[in-house]
Amino acid sequence: MRKVYGSGSTQLTILAGVNLELTEGEMVAIVAPSGAGKSTLLHLLAALDTPTSGTVYFDAKPIDARADAALAEFRNRAVGFVWQRHHLLPDFTAAENVALPLLLRGMPLVRALDTAREWLNEVGLTARAGNRSGELSGGEQQRVAIARALVTSPAVLLADEPTGDLDERNAVGVFELIERLHRAHRLTSLLATHNAMLAARCDRVVGLEQGVLKPRSVGLTGGGTTFWGEKS
């Protein structure tokens with residue numbers, strides 16, 4: 001799969017020929033520095049963008065052949081997406097933010113809010129269901145975003161730098177929450193990150209360099225800087 005922006009002499013190649021297969025139940029990390037194309041890849045997999053060439057398959061069926069309405073349903077039902085920034089609606093409570101994907105599929109309000117509160121309980125925020133996003137800490141906001149991503153019971157979780165805006169303590173807590181929910185709900189998860197220590201806890205790690213994915217091992221230098229090296 002390739003993704004190129006622009007045309008002629010102004011072309012910018014973001015993905016230069018990506019091949020990636022996720023096995024059901026896997027938790028995979030993509031590690032790369034900012035600007036390498038991690039977000040672009042996740043957007044393509046979530047049908048939020050279309051590739052310049054190549055095809056995205058879900059359950060062995062191409063998603064790009066679907067009509068717009070079918071793609072919207074795919075995004076709502078099959079994929080949960082966690083962004084680096086939580087993108088919560090500020091005038092909504094935590095429960096209302098989590099319930100929104102269910103309301104978009106036509107679920108009655110009372111039932112949607114009940115389901116949202118169940119998921120807030122899963123992420124440890126039962127007592128914060130009635131609080132607006134501005135009344136929550138950064139870590140709490142990201143937990144609400146995770147509950148919102150999973151409230152539709154998707155098969156796949158895509159997370160784009162989900163700990164990137166958090167301090168170390170909250171970053172570890174959010175990652176451990178994703179890890180626990182992945183296993184408890186038998187998800188297939190793909191996490192984009194530049195944090196090698198967290199990536200190393202996934203089932204598999206791939207690196208993205210010059211628009212191509214490669215298997216990677218991860219480690220830390222003595223100074224704490226992340227690096228990526230080929231697997232032996």
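Small disclaimer: the values here were computed from a predicted structure and weren't measured. Any value given below was found using the heavy atoms of this structure, including those in side chains, with hydrogens, waters and symmetry copies removed.
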What pairs with [X] under side chain to side chain donor-acceptor pair (under 3.5 Å), at least two apart in sequence or on another chain?
X    : value
R105 : N76
R77  : E73
T93  : E96

Could you tell me whether a side-chain N or O of T188 sits under 3.5 Å from a main-chain N or O of V156, the two making a donor and an acceptor?
no
Measure the spacing between [atom1] of [X] and [atom2] of [Y] and express it to the nearest 0.5 Å.
X    : Y    : atom1 : atom2 : answer
L42  : L48  : CG    : CG    : 9.5 Å
L191 : D160 : CG    : CG    : 9.5 Å
N131 : L125 : CG    : CG    : 9.5 Å
M27  : L157 : CE    : CG    : 8.0 Å
R148 : F81  : CZ    : CZ    : 11.0 Å
K3   : D49  : NZ    : CG    : 3.5 Å

Starting from L103 and following side-chain heavy-atom contacts under 4.5 Å between hydrophobic residues (I, L, V, M, F, W, Y), which residues can be reached?
L109, L113
Between A149 and P154, which heavy-atom pair has the shortest distance, and what is it?
O-CG, 3.5 Å
Could you tell me which non-hydrogen atom of V18 sits nearest to which non-hydrogen atom of G211, and how far apart they are?
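Taking V18 first and G211 second, the nearest heavy atoms are CG2-O, 3.5 Å.
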Within residues 177-186 or reaching into it, pairs that qualify as side chain to side chain donor-acceptor pair (under 3.5 Å) - sequence neighbours excluded
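Every side chain to side chain donor-acceptor pair (under 3.5 Å) pair that includes a residue of residues 177-186, provided the two are not neighbours, is E122-H185, E179-R201, H182-S189.
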Applying ring pair (Phe, Tyr, Trp, His ring centres under 6.0 Å), which residue pairs with at least one partner in residues 126-159 are found, sequence neighbours left out?
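Matches after skipping sequence neighbours: none remain.
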So with a 6.0 Å cut-off around CD of Q11, is the heavy-atom count from everything else above 12?
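Atom CD in Q11 is packed in, count exceeds 12.
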Salt-bridge present (R111, D114; N to O < 4.0 Å):
no
Tell me, please, whether Y57 has K61 positioned over its six-membered ring: NZ or CZ under 6.0 Å from the ring centre and within 45 degrees of its axis?
no
